[in-house]
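Heads up: the structure comes next, in structure tokens.
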Amino acid sequence: MKTLFTREELAARWGYNKSSIQRLEEEGVIHRVKGLVGCKYSLREIEEIENLGKSDFEEVNFIKYQKLENEKNY
């Protein structure tokens, strides 16, 4: 089972372009796995984000996810 995704693979999975994935990373919505060569994202975090909006997978779900993460850190 694949556990890490490149930016290109994640963009294809979500139907976004690579610059949209990069923007989501810059906004703190998704995070790179540290200590690896290149840009990789964990399947666990990808699935957590996807599960926020199972029925309607739209960018608004990323905003909800970011809010939940920010609240969790306080």
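Numbers for residues simply follow the sequence, beginning at 1. No hydrogens, no waters, no symmetry mates; every other heavy atom, side chains included, goes into these values. What you see is a predicted model, and the numbers here were worked out from it, not measured in a lab.
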- Derivation and outcome, side-chain contact (heavy atoms from CB on, under 4.5 Å), residues I30 and W14: CA-CA 13 Å; I30 191 158; W14 286 350; 3.9 Å; yes
- Item | Spacing of K40 atom NZ and R32 atom CZ [to the nearest 0.5 Å] | 10.5 Å
- Message: When you compare the side chain of Y41 with that of I21, does any pair of heavy atoms fall below 4.5 Å?
- Response: yes
- Query: Taking E45 for the side chain and H31 for the main chain, is one N or O donor matched with an acceptor at less than 3.5 Å?
  - Reply: yes
- If you measure from the Lys or Arg side-chain nitrogens to the Asp or Glu carboxylate oxygens, is any gap between R44 and E48 under 4.0 Å? no
- Item | Contacts of type salt bridge (charged side-chain N to carboxylate O under 4.0 Å, His left out), residue E8, not counting sequence neighbours | K18
- Task: Search all heavy atoms of N17 against all heavy atoms of S19 and return the closest pair with its distance.
- Result: OD1-OG, 2.8 Å
- Under the side-chain contact (heavy atoms from CB on, under 4.5 Å) criterion, do L36 and L4 qualify, and how do the steps go? CA-CA 10 Å; L36 299 177; L4 295 173; 3.7 Å; yes
- Message: If the condition is side-chain contact (heavy atoms from CB on, under 4.5 Å), which residues does K2 pass it with, not counting sequence neighbours?
- Response: F5, E9
- Under the side-chain contact (heavy atoms from CB on, under 4.5 Å) test, residues paired with Q22 that sit two or more places apart: R7, E26
- Item | Beyond-backbone contact of L43 with M1, side-chain heavy atoms, under 4.5 angstrom | yes
